[in-house]
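Hydrogens, waters and symmetry mates play no part in the numbers below; they use all other heavy atoms, side chains included. In what follows, chains are A, B, ... by sequence order, proteins preceding strands, each numbered from 1.
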Amino acid sequence: MHDLKALRADPAAFDAALARRHLPAVAESLVKEDEQRRAALAELQEAQGQRKGLAKEIGQAKRKGEDTTEIEARGAALRDQIATLEARANEIQKRIDDVLQRLPNQLDASVPDGKDENDNVVVHQRGEVPSFSFEAKQHFELGEALGLMDFASAGKIAGSRFVMLRGVLARLERALGQFMLDTHTGEFGYEEVTVPLLVNDAAMYGTDKLPKFAEDSFHTDDDRWLIPTGEVPLTASVMGDILSAESLPRRMTTLSTCFRSEAGSAGRDVRGMLRQHQFTKCELVSVVAPEESEAEHERMTRAAETVLERLGLPFRRVLLCAGDTGFGAAKTYDLEAWLPGQQAWREVSSCSNTKDFQARRMNARMRKEKTTVFVHTLNGSGLAVGRVMIALMEVYQQEDGSIIVPEALRPYMGGLEVIRPA
RNA sequence: GGAGAGAUGGCCGAGCGGCUUAAGGCGCACGCUUGGAAAGCGUGUGUACGUUAAUAGCGUACCGAGGGUUCGAAUCCCUCUCUCUCCGCCA
């Protein structure tokens, strides 16, 4: 959501921000609507004041036993007038909100211009891209050969874009999730939280998944949504709150299942478990004072990177350009792991600073001196468990199709060092 | 799923059509008092929008949420949400 007062104060800046997103200007028409809104509001408040006065007069007159027929008639007329004024003010407000709700967040000054992912900027790369003396396989070839990655059964019972992991591969996924949680809670001060996987409209709207991205998520018969990411329940948990300055920063992490309808990605990544309707992700969310969010963004991204480093997976940090930055984000770093089988860098984390964009939508504030200010919210994957597993399988694969378990994970795997065919 | 009770300011709690500008208490802040503290006394104590240079004033709205009745609603009516008690079912 956007600040109407800021728009009014500097319409040109508002349009300039939209232009960076390659969107048309709207400030002029919004400023006009806002003038109408305020005029209507002034009229309404004037009439409400009159109603208050009249009601008081009638009350006093009745107590004295005087006849109030005449004033009551004036009151009745006023009531109708107020109803009309109220309807008009609401209608203008709704028109403004409908436009504002659908406008993306303003980009941070440090975000590079650009059209799509080709204009993203690689910030740094960590770890060596491995070379193989044989032809590296893709994760699904490895997994199916091991007999531990079962797409056929999943397809039978659920459809495409689902998988059943078996045996030590199922355990590997579990191990990765535990390892991520332990790292973030133990070393980075995140509070572990288990969350509802079904949420209401308000939570989805507050985390900017509605109204624009309704078709990307699954909706239930009883009017709830399957969470597309743990970000939704974690962030929306402070919805409507006024937080004390001492309670910030608030850092939360959850290991949750996520659900995506993947409408509109037909034909993309159809093979394997890169893009599923259901996947596990360790999510990081921070709620911080406005002046802290930039530093928090770096800190959060470092937390996510640390997991990749411990697992010995080569990755790079990418700063998304203007055209590739998501709707709610002011600035986003993606972490991309190297997939030897695919010979490609693939996203395993996306860390965003939304600044006050979500906070405004869900009305989450903090106390500051005599007043309140909107908090800043950040979210990042720390990390996408399924995709990290894919990277791990491909990076640690051996010529015979076995997979070496990275040292950091062995305590979580009962000491297992190599995954071999079942 | 069935039956019942409830939701009021940071917290407790009264109010159940107009004298509410939401009583009273607790907490908190500031001041007085004191050698110092406690106690005591006094004053203040929410959010949003509008107006404004202003986080000063002034105005409007807000008693779980949304509708309705009325000249007037915390108070009456309807719908919904959540909490509690009991019953049923159940991992």
Side-chain angles (χ1 to χ4, degrees), chain A residues 1-10 30-98 100-101 194-206 210 219-225 233 236-248 250 257 289-291 356 358-375:
Chain A
M1 191 50 96
H2 297 272
D3 184 1
L4 259 183
K5 278 186 194 164
L7 183 151
R8 201 191 304 155
D10 194 349
L30 278 177
V31 167
K32 267 186 204 148
E33 300 242 52
D34 183 49
E35 274 167 27
Q36 289 177 36
R37 178 184 70 91
R38 285 183 293 152
L41 219 49
E43 253 189 284
L44 173 63
Q45 291 181 357
E46 162 68 20
Q48 284 170 329
Q50 284 180 31
R51 173 173 67 184
K52 225 179 189 178
L54 270 191
K56 193 161 264 181
E57 261 185 70
I58 293 170
Q60 284 165 356
K62 285 216 162 168
R63 244 169 289 128
K64 286 186 236 158
E66 293 169 7
D67 175 53
T68 54
T69 333
E70 192 271 332
I71 336 181
E72 282 189 31
R74 273 199 284 154
L78 200 54
R79 180 186 56 195
D80 297 341
Q81 192 193 341
I82 285 172
T84 310
L85 291 171
E86 212 163 25
R88 188 153 58 105
N90 287 344
E91 193 248 322
I92 296 168
Q93 182 73 55
K94 187 174 177 305
R95 230 164 40 215
I96 293 171
D97 286 347
D98 282 348
L100 289 182
Q101 277 174 11
T194 63
V195 298
L197 303 183
L198 294 172
V199 297
N200 60 24
D201 282 356
M204 289 288 278
Y205 175 80
L210 290 179
H219 193 244
T220 66
D221 284 346
D222 67 346
D223 227 8
R224 286 179 238 269
W225 301 86
S237 68
V238 298
M239 179 163 65
D241 287 352
I242 301 178
L243 303 158
S244 67
E246 305 82 66
S247 70
L248 301 178
R250 182 176 294 191
T257 307
E291 60 275 13
D356 66 0
Q358 295 179 325
R360 284 181 183 282
R361 293 170 83 97
M362 59 183 190
N363 196 25
R365 293 161 289 168
M366 65 176 288
R367 297 209 173 276
K368 188 168 189 185
E369 284 148 40
K370 280 185 156 179
T371 183
T372 64
V373 292
F374 289 107
V375 294

I need the single residue from Arg88(A), Lys94(A), Arg95(A) that forms a salt bridge (charged side-chain N to carboxylate O under 4.0 Å, His left out) with Glu91(A). Which is it?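 The salt bridge (charged side-chain N to carboxylate O under 4.0 Å, His left out) with Glu91(A) is passed solely by Arg95(A) among Arg88(A), Lys94(A), Arg95(A).
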
What integer distance in Å separates [X]:[atom1] from [N]:[atom2]?
X: Glu43(A); N: C49(B); atom1: CD; atom2: C1'; value: 17 Å
X: Leu41(A); N: U60(B); atom1: CG; atom2: P; value: 13 Å
X: Lys368(A); N: U47(B); atom1: NZ; atom2: C1'; value: 19 Å
X: Glu72(A); N: G72(B); atom1: CD; atom2: P; value: 9 Å
X: Met366(A); N: G46(B); atom1: CE; atom2: P; value: 18 Å
X: Met362(A); N: A48(B); atom1: CE; atom2: P; value: 16 Å
X: Ile242(A); N: A48(B); atom1: CD1; atom2: C1'; value: 10 Å
X: Leu54(A); N: U70(B); atom1: CG; atom2: C1'; value: 14 Å

Is any side-chain N or O of [X] closer than 4.0 Å to OP1 or OP2 of [N]?
X: Lys5(A); N: G50(B); value: yes
X: Arg74(A); N: C71(B); value: no
X: Arg37(A); N: G50(B); value: yes
X: Lys56(A); N: C19(B); value: no
X: Thr372(A); N: A48(B); value: yes
X: Arg367(A); N: U47(B); value: yes
X: Arg365(A); N: A48(B); value: yes

Could you check if a side-chain atom of [X] sits within less than 4.5 angstrom of a side-chain atom of [Y], using non-hydrogen atoms only?
X: Gln101(A); Y: Leu210(A); value: no
X: Leu30(A); Y: Leu100(A); value: yes
X: Leu41(A); Y: Ile92(A); value: no

Closest to the [X] side chain: [options]?
X: Gln48(A); options: G18(B), U51(B), A61(B); result: A61(B)
X: Arg38(A); options: C19(B), C71(B), U51(B); result: U51(B)
X: Lys52(A); options: G46(B), U60(B), G50(B); result: U60(B)

For [N] versus [M], give the span between their [atom1] atoms, rounded off to a whole number of Å.
N: A73(B); M: G17(B); atom1: P; result: 14 Å
N: A61(B); M: G15(B); atom1: P; result: 25 Å
N: A65(B); M: A7(B); atom1: C1'; result: 11 Å
N: G59(B); M: G4(B); atom1: C1'; result: 44 Å
N: U21(B); M: C32(B); atom1: P; result: 35 Å
N: A74(B); M: G64(B); atom1: C1'; result: 12 Å
N: U83(B); M: G24(B); atom1: P; result: 33 Å
N: G44(B); M: U51(B); atom1: C1'; result: 25 Å

Touch check for [X], heavy atoms < 4.0 angstrom, all strands: base, sugar-phosphate only, or nothing?
X: Arg360(A); value: nothing
X: Gly75(A); value: sugar-phosphate
X: Ala76(A); value: sugar-phosphate
X: Ile71(A); value: nothing

Treating a pair as Watson-Crick (purine N1 to pyrimidine N3 plus N6-O4 or O6-N4) or G-U wobble (N1-O2 and O6-N3) with both distances under 3.5 Å, list the stems of 3 or more consecutive pairs that involve RNA chain B.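 Only these stems qualify: B:1-7 with B:81-87, B:10-12 with B:24-26, B:27-32 with B:40-45, B:46-51 with B:57-62, B:64-68 with B:76-80.
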
Look at the side chain of Asp241(A) and the backbone N and O of Leu243(A), then say whether any donor-acceptor pair between them is shorter than 3.5 Å.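 No: the side chain of Asp241(A) does not pair with the backbone of Leu243(A).
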
Would you check if the side chain of Arg367(A) reaches a backbone N or O of Ile242(A) as a donor-acceptor pair within less than 3.5 Å? no

Note: Asp34(A)-Arg37(A) ion pair, threshold 4.0 Å (strictly below): yes

For residues 68-82 of chain A, run the donor-acceptor check on the side chains, cut-off 3.5 Å, and write out each pair with its distance to 0.1 Å, sequence neighbours left out.
residue, atom, partner, partner atom, Å
Thr68(A), OG1, Glu72(A), OE2, 2.9
Thr69(A), OG1, Asp67(A), OD1, 2.5
Thr69(A), OG1, Asp67(A), OD2, 3.1
Glu72(A), OE2, Lys62(A), NZ, 3.3

By a strict heavy-atom criterion of less than 4.0 Å, which residues belonging to residues 77-95 of chain A are in contact with RNA chain B?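 Here the set is Arg79(A).
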
What closest approach, in Å, do [X] and [Y] show between heavy atoms, and which atom pair accounts for it?
X: Pro290(A); Y: Met366(A); answer: CD-SD, 3.9 Å
X: His219(A); Y: Trp225(A); answer: CD2-CE2, 3.3 Å
X: Glu86(A); Y: Gln48(A); answer: OE2-NE2, 4.2 Å

I'd like to know if Gln45(A) reaches the base of G59(B) with its side chain, counting only an N/O donor and acceptor under 3.5 Å.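 Counting by modelled atom types and ignoring angles, a donor-acceptor contact under 3.5 Å is found here.
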
Between Ala73(A) and Ala55(A), which has a closest nucleotide on RNA chain B that is more 5'? Ala55(A)

Of Leu4(A) and Arg51(A), whose closest RNA chain B nucleotide lies nearer the 5' terminus? Leu4(A)

Measure the spacing between CD of Glu246(A) and CG of Leu248(A) and express it to the nearest 0.5 Å. 8.5 Å

